[in-house]
Amino acid sequence: MRLTTAGSARNIEEAIVGRITTQNLPDATRGQYIRFFAEGEAPILDFAGYRAILSHADLATDYPVVDRLRESEHFRDGDVVVVERDGFVRSLYRSYERHHSLFVTERCSSNCLMCSQPPKDKDDVESLTKRNQELIRLMSPAPEYLTITGGEPTLLGDHLFELIDQLKTSLPNTELHMLTNGRTFAWPEYTRQFAAIEHPNLCLGVPLYSDCAGDHDYVVQAKGAFDQTVAGLHQAARNGIRVEVRVVLHRLTIPRLTRLVEYIYRNLSFVEHVALMGLEYVGYTPRNIAELWIDPFDYQAELERAVNYLVMRNMTVSIYNHQLCVLRQSLWPYAQKSISDWKNLYLTECEKCSALEDCGGLFKWAVKKHSEHIHPL
Amino acid sequence: MARSFYPIENFAPAPQQVSLLPFRFTRFFGQELLVNEAGEFIFAPEGTAYSLLEGAVDVRSLLYKDLKAKHIVYDETSSALLDVLATKIRTKYDHLSGGTKLHIFVVTLRCEHSCHYCQVSRQTASKGEFDMSRETADRSISLMLDSPSPHVTLELQGGEPLLAFDMIQYIVPKAKEQARIRNKGLDIVVTTNLACATDEMLTYFRDEEVRISTSLDGPAFLHNKNRPRPGNDSYERAIDGIERGRAILGHSNVAALMTTTAASLDHVEEIIDEYVRRDFHTIFLRPISPYGFALKTKNRTGYEMERFLEFYKQGLAHILNINRSGYRLAEIYSQILLSKILTPQGTGYVDLQSPAGGAWNVLVYNYNGDVFASDESRMLAEMQDWTFRLGNVHKDNRRSLFTSEAALRMFEVSCNQSLAGCSDCAFQSYCGADPIYHHATQGDMYGHRPTSGFCTRNMEVIKHLFSFIQEDNPETMGIFWSWLTGRPLPQKGGTCD
């Protein structure tokens, strides 16, 4: 499912967040809306009160507008989008989807070899915070789950506390999952402040790539990161913050995988969930593929060993981003359909598969690189 | 603007920065077993400890990474994680922080049994003389709840406590009321042979949520031999009581314990089969306590520890076979030790603690108000040895009990970390100190490890369990983990490890 489109922008001074409507709303109720004219629709030139106008056709107006839109079939009434000054239109919230996220910054303190969203050293904190504050106000109906992601969310400083506090007030029943490298939580004072928000339904997703400091630090490309992350996990647990550990499986993490889960059991027994995740062929991964690639088919023994190790110890474990035809059947009960709708696809041979209903499929960028062993069941 | 990547060498430690953390080690069937301060272990090649001391382990080797992850060495890339090791050690000792949890009340010494291994029964005694008075019960309840522990267990014991059922009916509501007032959790267990248990009594226990712990020494011939009573029907009465108790209280609220006498030694499989036949899912292969009458009647009931260990190993093999056939049966002593070896948690089991469990984990309130450091201490007192009497409920408070001469003498030798023969033992963190046992058997609380039955038993059992761990048979380990977690047994042909 498409996430972005673009056209030619005029009269936009700063990014505009709003809700898509295709209806002619009464003047007084237009305040949250962006009026969208679909392809072939003749615009009615009554724009007063809308936040912006989107249109396929050329449009002469003094209101904020993006016209000559390239694509727009993906818009539905109620979608929340951001309209950038350069005419870029990004969908931020589509209530009918399963996965929702709040993208809070592109900055990061780590630089993981297989990062799917490579960090950028630009100061986007203020602008993204403002955008997200408005997005949260417009999220309706309230999502069941919401992932806070980046970049590294804790680099927002106090703005992160503000966002979570806003979420606690305006979407109290939404379960939050925050993806963080956990390093900032090593600071006791930071973690105390974070915990003091007392969000009732929040869990941190923290990556750990080895039981051995040097190996983890190499994968995340930051000296001392392992120490900070493990200390951060302990601080979080001590302050009653729930944590999940995430492991991306690739040629650097597979060899010590069983030792890593053993380390998690003995040193981080408080983690409520361990997610073992397939590699995404996007972001930095293509650049480092020679060092990272191992066909998932070739690590099934290690994966089964690690999963059994955790299951036997009553720890909850899931496998993300793996196709059922590549997984050993004993692992199927742990495989989740984890790929967000908009990044999800199935291959041609998948159409003949009898397990398609239960399979999470592939990332859309996996067309370029995936297991050699995908086949219909 | 893309950032650049750094090679792995940038993240490896320099060899000169390697430091050792406290660990103990032993040779173990062709390998070396190294155990860290939190009880985590690693099987390594022989000579590893020596190489570590010489600084000869290559920091780039897999072995080095293993040793580092197990907190046996550390270096500049992870020195801050000493806090994590500290947390692990604290977790292992967590049971100490709450104070005494188990409180045993001897409500009467009277008993209608005359077991050879028993220390304290008084069949001939008239009612009253050896029963706990209400005043003593009141003071005992008060002292029990003075323990800082937020949750205590009250064990009603004897003699045969059902012979003083009126006293039980006095203590149970009183203890519950006081616990409620002081905002403490309270579990109550009654330890009874069930021979005199009426349906009315069992219904009372159900209504008051009192659990039952009883004795079952094996099949009829053995049980009745070990546990004589008029009519020679101890077994029949126990089985009848277990069945009625389960019907009234629920299956899981009736537990059974066995004691191994000399007569038991040749019948371990029959004893275990009896537990399976009676639908028990735990069994505790317990050696006889070398106290009280058991010591006196050693020729009749006692045996060498080596002989018990044969019994134990044969029994464990049989138990594992039963589990392999799909019937879940856990051996409690193995389960306790495996929990210490394989999990991050400690256990509250009294007889395997350092500091020793006496007083810290258990207090015994005798019918006459005397307070003892353990049930064994009370048995010694029945033999006129008052070494471990901490005081009396009518004269003492918690502070004076814990600072009594008797307590302090015992505490001094309560930590195996500082006992000769234990301080450098690879298995120290799984084992305990037992000044009461060593006083009883060797006349010296400090104890002499090479001739100690306590040491012989635990060394051998721990080594036996480690030999299973070293072998790493998926099925056996799956059974052990099922005991530790309560999860279902592994399926046949499963690949758990």
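Chain naming here is simple, since letters A, B, ... match the order of the sequence lines and numbering starts at 1 in each.
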Exercise for review: Quick one: do B/Tyr6 and A/Tyr218 satisfy ring pair (Phe, Tyr, Trp, His ring centres under 6.0 Å)? Show the steps, please.
Suggested key: CA-CA 8 Å; B/Tyr6 301 97; A/Tyr218 171 60; 9.9 Å; no

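Contact check on A/Arg256 versus B/Asp66 returns a salt bridge, with a Lys/Arg side-chain nitrogen under 4.0 Å from an Asp/Glu carboxylate oxygen.
If you measure heavy-atom distances from A/Leu260 to chain B, you find no contacts under 4.5 Å at all. For B/Lys65, the parts lying near chain A are the backbone and the side chain together; criterion is any non-hydrogen pair under 4.5 Å. Of the two parts of A/Glu291, neither the backbone nor the side chain holds a non-hydrogen atom closer than 4.5 Å to a non-hydrogen atom of chain B. A/Val307 does not touch chain B: none of its heavy atoms, backbone or side chain, sits under 4.5 Å away. Contact annotation for A/Ala222: only backbone heavy atoms (N, CA, C, O) come within less than 4.5 Å of a heavy atom of chain B.
Between atom OG1 of residue B/Thr343 and atom CG of residue A/Asn314 there is a gap of 12.0 Å, rounded to the nearest 0.5 Å. Rounding to the nearest 0.5 angstrom, the gap separating the CH2 atom in B/Trp481 from the CZ atom in A/Arg313 is 4.0 Å. Here the straight-line distance linking atom CD1 of B/Ile8 with atom CG of A/Leu252 works out to 7.0 Å at 0.5 Å rounding.
Looking only at distances, a side-chain donor or acceptor of A/Arg266 sits under 3.5 Å from a matching main-chain atom of B/Leu342.
Of the N and O atoms on the side chains of A/Lys223 and B/Asn10, not one donor lies less than 3.5 Å from an acceptor on the other residue.
For the set B/Leu484, B/Thr87, B/Thr91, the entry with the most heavy-atom pairs within less than 4.5 Å of chain A is B/Thr87.
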